[in-house]
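Side chains included, hydrogens not; waters and symmetry mates left out as well; all remaining heavy atoms used. Numbers restart at 1 for each chain; the letters A, B, ... are given by sequence-line order, proteins then strands.
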2 protein chains.
Amino acid sequence: MSGWEAIRDDVRARIAAREWVPGGLIPGEEALAVSYGVARATVNRAMRELAETGLVERRRKAGTRVAQGAARRAILSIPVIREQVEALDKVHSFQILTLCEQTPPEAVCRAMALGQDLRLLHIDTLHRADGRPHALETRWLNVAAVPGPLPDLMRITVNEWLLQTVPYATGEIVFAAEPADADEVLHLECAPGAALFVTERVTRTNAGPVTWVRLAHAPGWRMRTVL
Amino acid sequence: MSGWEAIRDDVRARIAAREWVPGGLIPGEEALAVSYGVARATVNRAMRELAETGLVERRRKAGTRVAQGAARRAILSIPVIREQVEALDKVHSFQILTLCEQTPPEAVCRAMALGQDLRLLHIDTLHRADGRPHALETRWLNVAAVPGPLPDLMRITVNEWLLQTVPYATGEIVFAAEPADADEVLHLECAPGAALFVTERVTRTNAGPVTWVRLAHAPGWRMRTVL
DNA sequence: CAGTGGTCTAGACCACTCG
DNA sequence: GAGTGGTCTAGACCACTGG
């Protein structure tokens with residue numbers, strides 16, 4: 001390997017070898033460019049990469065320093081459930097439990113930043129892996145913020161349809177552990193109060209809040225990521 | 001705003017406006033550079049950013065396409081517990097429960113990819129927020145992979161010391177929901193079997209595996225991130 | 001094999017911010 | 001004010017890969 005990746009790796013190695021210590025100053029781009037025999041832009045590309053992962057901190061005039069025990073950043077990939085299941089070499093299937101227009105509970109209204117008296121599409125879906133319960137999805141969909149008609153919900157999950165239809169969206173995700181309630185006991189076939197891994201996600205576009213979705217995973221589910 | 005960020009935002013907006021649809025082809029860098037009146041490198045900078053967040057997919061010769069329902073990526077910031085607590089406007093304190101050299105359980109050996117008969121430093125710590133239990137930390141530390149002597153463990157948490165001492169490390173994190181066991185009931189002051197948000201992290205350097213740490217958060221803890 | 005993105009260069013100007 | 005990183009340019013060559 002050569003080029004900016006080689007420089008990035010070399011700087012990483014020299015930090016790991018404590019040639020430059022946390023809080024310490026790393027030579028400027030110009031100096032590094034000379035010592036590596038490349039253009040400054042190439043050094044800049046390498047250092048920017050390291051700054052994005054949080055290993056170094058850069059400030060104009062102040063230079064580049066090795067980060068001091070700051071927060072490490074990890075990239076979290078949030079797959080569609082079908083892919084999540086298929087990654088385990090299992091067959092994904094799903095079953096719609098609820099499909100109606102309703103006024104959502106107050107907590108959902110607040111999370112979506114919507115008025116109290118709005119009616120949203122309420123969709124509950126049970127996802128299965130090889131026929132066994134995998135996750136229970138509770139979704140509130142703001143149809144007004146979505147262009148075009150709804151798809152055939154028997155053939156495609158709302159989530160995948162949204163990803164194809166609303167390409168750019170922002171939002172938040174919350175991860176938590178919650179005890180199984182009666183509904184979850186029934187559909188996920190677990191004990192009452194069992195510890196469930198839960199994710200809650202709000203998605204927005206500039207046309208307004210699109211959807212609020214809660215996923216309760218069957219006991220034992222683990223979310224894994226690399227640093 | 002102008003420059004590559006303006007181009008990035010404009011492309012985003014045109015995707016959101018469905019001028020380019022998921023799966024569809026976006027004009028090449030050369031064409032965009034002409035139409036925006038900038039150098040190709042500037043367009044490249046903008047498009048690379050969009051590719052990193054997963055909004056578009058780029059392949060040589062094939063060009064750039066709007067991503068089709070691919071996995072969304074989120075950046076997960078993993079703060080030190082002290083900062084996590086202080087972000088809630090609470091005072092962090094901690095208390096070491098266990099500190100001894102032991103042979104770790106088999107599961108830990110496997111996760112760290114270590115032989116079975118090694119002795120590691122075992123440290124259990126209870127973290128408090130405003131005096132109330134916040135998280136129970138179970139840690140196995142491979143002293144051989146860490147340079148220099150251990151710090152005064154009454155003054156600084158192992159985690160913060162490691163971040164300052166071992167600047168560059170790779171590893172994995174697992175997030176899960178688990179029922180509280182007897183120890184956790186005792187120290188976190190929760191009900192038996194309560195749903196706890198648990199993270200398990202393995203950290204490695206080129207000197208070998210450094211540490212395995214499990215954090216069991218008190219009931220109600222939620223991890224939040226933006227998309 | 002030809003078209004696209006990936007990278008590099010040498011130079012320039014700018015923006016920020018520390019001292 | 002001056003030094004550092006941030007960005008941009010115009011041009012070039014390369015690497016990958018689809019047709």
Side-chain angles (χ1 to χ4, degrees), chain A residues 1-15 19-68 70 73 75 167-168, chain B residues 1-15 19-68 70 73 75 167-168:
Chain A
M1 182 172 14
S2 72
W4 70 267
E5 292 183 297
I7 295 176
R8 175 199 61 191
D9 292 348
D10 185 63
V11 171
R12 260 195 208 151
R14 290 164 82 171
I15 290 175
E19 178 176 336
W20 300 312
V21 298
L25 203 57
I26 290 177
E29 295 191 346
E30 188 57 45
L32 287 177
V34 171
S35 78
Y36 284 116
V38 299
R40 186 169 76 92
T42 306
V43 172
N44 181 278
R45 179 79 167 86
M47 298 305 288
R48 191 198 323 141
E49 198 87 356
L50 294 175
E52 277 171 5
T53 63
L55 183 61
V56 302
E57 283 170 1
R58 322 193 74 196
R59 281 205 308 280
R60 288 166 158 117
K61 167 74 178 177
T64 301
R65 292 175 179 279
V66 181
Q68 295 236 26
R73 271 156 249 168
I75 291 179
Y168 181 64
Chain B
M1 181 172 14
S2 73
W4 69 268
E5 292 182 295
I7 296 177
R8 176 200 60 192
D9 293 347
D10 185 63
V11 171
R12 258 195 209 150
R14 292 164 79 170
I15 290 175
E19 177 176 339
W20 300 312
V21 298
L25 203 57
I26 291 176
E29 295 191 346
E30 187 58 45
L32 287 177
V34 171
S35 78
Y36 285 116
V38 299
R40 185 168 76 92
T42 306
V43 172
N44 182 278
R45 180 79 167 87
M47 298 306 288
R48 192 199 321 141
E49 198 88 355
L50 294 175
E52 276 171 6
T53 63
L55 183 61
V56 303
E57 283 170 1
R58 322 193 74 197
R59 280 203 310 278
R60 286 165 159 121
K61 168 72 179 177
T64 302
R65 292 175 180 280
V66 180
Q68 293 227 16
R73 271 155 248 168
I75 290 179
Y168 180 63

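Residues B/G23 and B/R65 approach most closely at O-NH1, 2.8 Å, considering heavy atoms. Across A/T42 and A/G3, no two heavy atoms sit closer than the pair CG2-C, 4.4 Å. Scanning both residues, B/A46 and B/W4, for their nearest heavy atoms gives CB-O, 3.5 Å. Nearest heavy-atom pair across B/G54 and B/A67 is O-CB, 3.2 Å. Counting all heavy atoms, side chain and backbone alike, B/I26 lies closest to B/V66 at CD1-CG2, 4.0 Å.
When each of B/G28 and A/A39 is assigned the nucleotide of DNA chain C with its nearest heavy atom, B/G28 is the one assigned upstream, toward the 5' end. When each of A/T42 and A/R65 is assigned the nucleotide of DNA chain C bearing its nearest heavy atom, the one mapping closer to the 5' terminus is A/T42.
Distance check: B/N44 CG to B/L32 CG gives 11.0 Å after rounding to the nearest 0.5 Å. Annotation: the span from B/T53 atom OG1 to B/R12 atom CZ amounts to 6.0 Å, rounded to 0.5 Å. Taking CD1 of B/I15 as the reference point, atom CG of B/L50 lies at 6.5 Å (rounded to 0.5 Å).
Counting any heavy atom pair closer than 4.0 Å across all strands shown, B/R40 reaches a base atom. Contact annotation for A/A41: base contact, defined as any heavy-atom pair under 4.0 Å involving a base atom.
Between the CH2 atom of A/W4 and the C1' atom of D/dA15 there is a distance of 15 Å, given to the nearest Å. Distance CG (B/L50) to P (C/dG5): 13 Å, rounded to an integer number of Å. For B/L25 and C/dT4, the CG to C1' distance is 10 Å, given to the nearest whole Å. One interatomic measurement links the two molecules: CE of B/M47 to C1' of C/dT7, which rounds to 17 Å at whole-angstrom precision. As a whole-Å value, the separation of B/R45 CZ from C/dG5 C1' is 16 Å. In this structure, B/R59 atom CZ and D/dA15 atom C1' are separated by 15 Å, rounded to whole Å.
Taking 4.0 angstrom as the limit, B/N44 places none of its side-chain polar atoms (N or O) nearer than this to OP1 or OP2 of C/dG5. Note on A/R58: every side-chain N or O is 4.0 Å or more away from OP1 and OP2 of D/dT4. Taking only side-chain nitrogens and oxygens, B/T64 comes nearer than 4.0 Å to OP1 or OP2 of C/dG5.
By the 4.0 Å N-to-carboxylate-O rule, A/E49 lies close enough to A/R45 to be salt-bridged with it.
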Could you go over nucleotides 14-16 of chain C and give all protein N or O partners under 3.5 Å, atom names and distances?
unit_1	atom_1	unit_2	atom_2	d
C/dA15	N3	A/R60	NE	3.1

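Within residues 29-38 of chain A, the residues approaching DNA chain D are A/E29, by heavy-atom distance under 4.0 Å.
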